[in-house]
Structure formats: structure tokens, C-alpha cells
Colleague: 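Would you mind keeping the following structure in view while I ask a few things?
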2 protein chains.
Amino acid sequence: MSANSRLTIAAHALAWIGLYQRQGHEVATSEQIATSANTNPVVIRRLLGELRRAGLVESRRGAGAGWSLARELESMTLLDVYEAVEPGPLFAMHRTTPDQGCVVGHGIQPAMQNIYEGIEETLRHELARVTLETVLRDVLAAPR
Amino acid sequence: MSANSRLTIAAHALAWIGLYQRQGHEVATSEQIATSANTNPVVIRRLLGELRRAGLVESRRGAGAGWSLARELESMTLLDVYEAVEPGPLFAMHRTTPDQGCVVGHGIQPAMQNIYEGIEETLRHELARVTLETVLRDVLAAPR
DNA sequence: ATGGTCGCAACCTTTTCTGTTACGACTACA
DNA sequence: TGTAGTCGTAACAGAAAAGGTTGCGACCAT
């Protein structure tokens, strides 16, 4: 599916910030999170920027700057994160308009659009069932 | 999500073949289907080749060659098509292994893997509810 | 024998995602 | 007031995937 890792990395970042704050720290830096996720700080800042626009995190600038949660992990779901970092639909239509003179070419897009909408609704429902608190709990439950 | 159009095009092709056969024709050519989908015949042959490996269609070579359904549209679901044409998982993990020395970096992949598996199972369930017969019916029901 | 079609490999272009560098903006603190 | 540390963002490079295109051998009904 040519899947991307945005949802995974965003969840990683949120879990990291959440745990760090529970350990008494005020803010986490993109540098620290990037080290944990084994990627570049700019990648983290970009993703967290989208999460900030969605109201999930806040950032502070200047010296001693960094990122903090805007809400409890308990109140965030994977759906919130998904909608913040994934722009498009799950399934794409034809890249070029099908032949409108053909019965199938004419009816296929509305038909698939309808079907896909129902499926994406179910997907969103599933994503909404998983809170970031659950994610962190599962992360900490991993055998070492 | 960087979605691709394979599922859409494959469903288009199957609906086209199915309708064409109901009109009394034995086989459909990749050329005809490509015209309806407004793409290249090789693209169609590639996709139908995968559907053939999955036992959904058959092809005949030589003169008067082409494609036909291997089963009734009624007995094919979008899940059959999806599994035939989509190789990978819906969501990707980190591109590089996260820091195993970090609690989050260590536990994040098994945690997300588990969550994703449940979600993909639900997705498959939804796809399995839609038959290609339904798709064709919806296609023909489109207002003109 | 021939013409129409599939099978498949090879290559190109476009798009998307990720990584990287660079640098200005901002602010706590000395 | 200066400075160091961090964010914000633009710009570009590299990798990967999807889709489009061409070419040609294999196949077979006629």
C-alpha cells in the first residue's frame, strides 16, 4: 500500500513526551525524541507542528524550549493523531477520469466513493477506540 | 496517505468484464478495459495478472484472446481483490529501528504492531462485506 | 501463415515520503 | 544586554513506489 510511518512516529513522539513528563520534566526537545525514534529532529518538529495545529501538543521557544502535551494522553485517540497527520483518503480513485461514455466508466467513481466512505468511517471508529494512554501502557508492557 | 488506485482499477476491470459477459460476450480484452478506465492496457494486464493468480479471472491467449471471470461476481468480495493487489500492511513502522536503549523506542513497535493488526482485521472484515456484484449494481445505479 | 492478444521485461516520469542543511526567530538566563 | 539553546520553516536531495510507455516473443483461432 506504500504505507507511510507518520502515524507510528507521531504516536511514538506523544508516548515519549507523556512518559517524560510523568518523570517530572516540563518539556521534551525534538532532539531527544528524534534520538529515541532514530530519525532527524526536523522530521519530529514537522510532525509535532501538525499535532500542535490539532491542539494535541504545545511548544515553547527560546532557551529551555521544547514540547509538552496540551491534553492528557487519556483524552487523545489514534483518530485524533491520524486526522492530524494524514491528509488524504485511504483509497484513491483513477488518476485520470474514466471514459464517461462507458456505463462502467461513468458509474464506477460514485459507486466506489460510497463504498470507501463507509469503510473509512469504520476505520476511524476503530482508531478512535485506542487512546494514547493505551499506547503508552502497551509500550511499557513490552517484554525486555 | 499516498493511496494508490489499484483496488479501484481492479474493481473497475472486474465490473467491466462481468457486465460484458452478461451482454453475451465470452472474453474482454485489456484494450477495451483500458479504454474504459482511461489507462494503458499493460496496466490492466498487470492487475488482471494478479487477479488471475488469486483465482478471480482467467485469460486466454492467441487470436480472439482476452479475459473472463473465473467465478461469479456474487462470490467475489473487495477483500479478495484487496489481498490480490495490495502487498503490504496499511500502516508502516519506523524506517529505521528505534533506539532499543530507550523504553519507548523498545516497546513502541510491538505495541503498534498489535494495534494495527486489530485495525487491519476490521478493515478486512469490512472489505469482505462488499461483493463485486454489489459494486456492479451500484455502478449501474449511478444517475446519468 | 497470419493477425490479434497476452506475458513480461525494461525504462521513464511523477509523486510522496523522509532525511538533511541552513538560518532566522525567539527567550531563559547569566 | 549578550548568548546559547531550541523552535519554525524553507529548500533541496535521495529513495521508493506507482503508473505509463515501448518493445517483442509466445500463443492460437481462423
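Worth knowing before you read on, the calculation uses all heavy atoms, side chains too, and leaves out hydrogens, waters and symmetry mates. A, B, ... follow the sequence lines: proteins, then strands. Residue 1 opens every chain.
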Colleague: Which letters describe nucleotides 4-10 of chain C, given B = protein heavy atom under 4.0 Å from base, S = only from sugar-phosphate, - = neither?
Modeller: BSBBBBB

Colleague: Pick one: which of A:L79, A:L78, A:T77 meets side chain to side chain contact (heavy atoms under 4.5 Å, CB included) with A:R124?
Modeller: A:L79

Colleague: Rounded to whole Å, please give me the gap between CZ in A:R95 and C1' in C:dT16.
Modeller: 11 Å

Colleague: Is there a path of hydrophobic side-chain contacts, each under 4.5 Å between heavy atoms of I, L, V, M, F, W or Y residues, that connects B:V27 with B:I17?
Modeller: no

Colleague: Just how far, in rounded Å, is C1' of D:dG19 from CG of B:N38?
Modeller: 13 Å

Colleague: What is the separation between atom CG on A:N40 and atom C1' on D:dA15, rounded to the nearest whole Å?
Modeller: 16 Å

Colleague: To the nearest Å, give me how far apart CD (A:E50) and P (C:dT18) are.
Modeller: 10 Å

Colleague: Between P on D:dG19 and CD1 on B:I44, what's the gap in Å once rounded to a whole number?
Modeller: 11 Å

Colleague: D:dG5 P sits how many Å from A:Q32 CD, rounded?
Modeller: 14 Å

Colleague: With sequence neighbours left out, which residue pairs that include part of residues 135-144 of chain B fulfil the side-chain hydrogen bond (donor to acceptor under 3.5 Å, both in side chains) condition?
Modeller: none

Colleague: Measure CG/A:N4 against P/D:dA17 and give the value in whole Å, please.
Modeller: 13 Å

Colleague: Look at the side-chain heavy atoms of Ile, Leu, Val, Met, Phe, Trp and Tyr, link any pair under 4.5 Å apart, and say whether B:M93 and A:V43 land in one connected group.
Modeller: no

Colleague: Relative to each other, are the rings of B:Y82 and A:F91 parallel, tilted or perpendicular (30° and 60° limits)?
Modeller: perpendicular

Colleague: Please confirm whether the shortest side-chain N or O distance from B:R6 to OP1 or OP2 of D:dA17 is below 4.0 Å.
Modeller: no

Colleague: Expected output is a numbered-order residue list: members of residues 17-26 of chain B with a heavy atom under 4.0 Å from any atom of DNA chain C. What is it?
Modeller: none

Colleague: By the salt bridge (charged side-chain N to carboxylate O under 4.0 Å, His left out) test, which pairs, at least two apart or in different chains, include something from residues 34-48 of chain B?
Modeller: none

Colleague: Apply side chain to side chain donor-acceptor pair (under 3.5 Å) to residues B:S36 and B:H12 and explain how you reach the verdict.
Modeller: CA-CA 9 Å; B:S36 170; B:H12 186 146; 2.8 Å; yes

Colleague: Taking salt bridge (charged side-chain N to carboxylate O under 4.0 Å, His left out) as the cut-off, I'd like each qualifying pair that reaches into residues 52-71 of chain B, sequence neighbours left out, listed once.
Modeller: B:E26-B:R60, B:R71-B:D80

Colleague: With sequence neighbours excluded, tell me which residues meet salt bridge (Lys or Arg N to Asp or Glu O under 4.0 Å) with A:R22.
Modeller: A:E133

Colleague: Take the protein atom CG of B:L7 and the nucleotide atom C1' of D:dG19, then report the distance between them rounded to whole Å.
Modeller: 16 Å

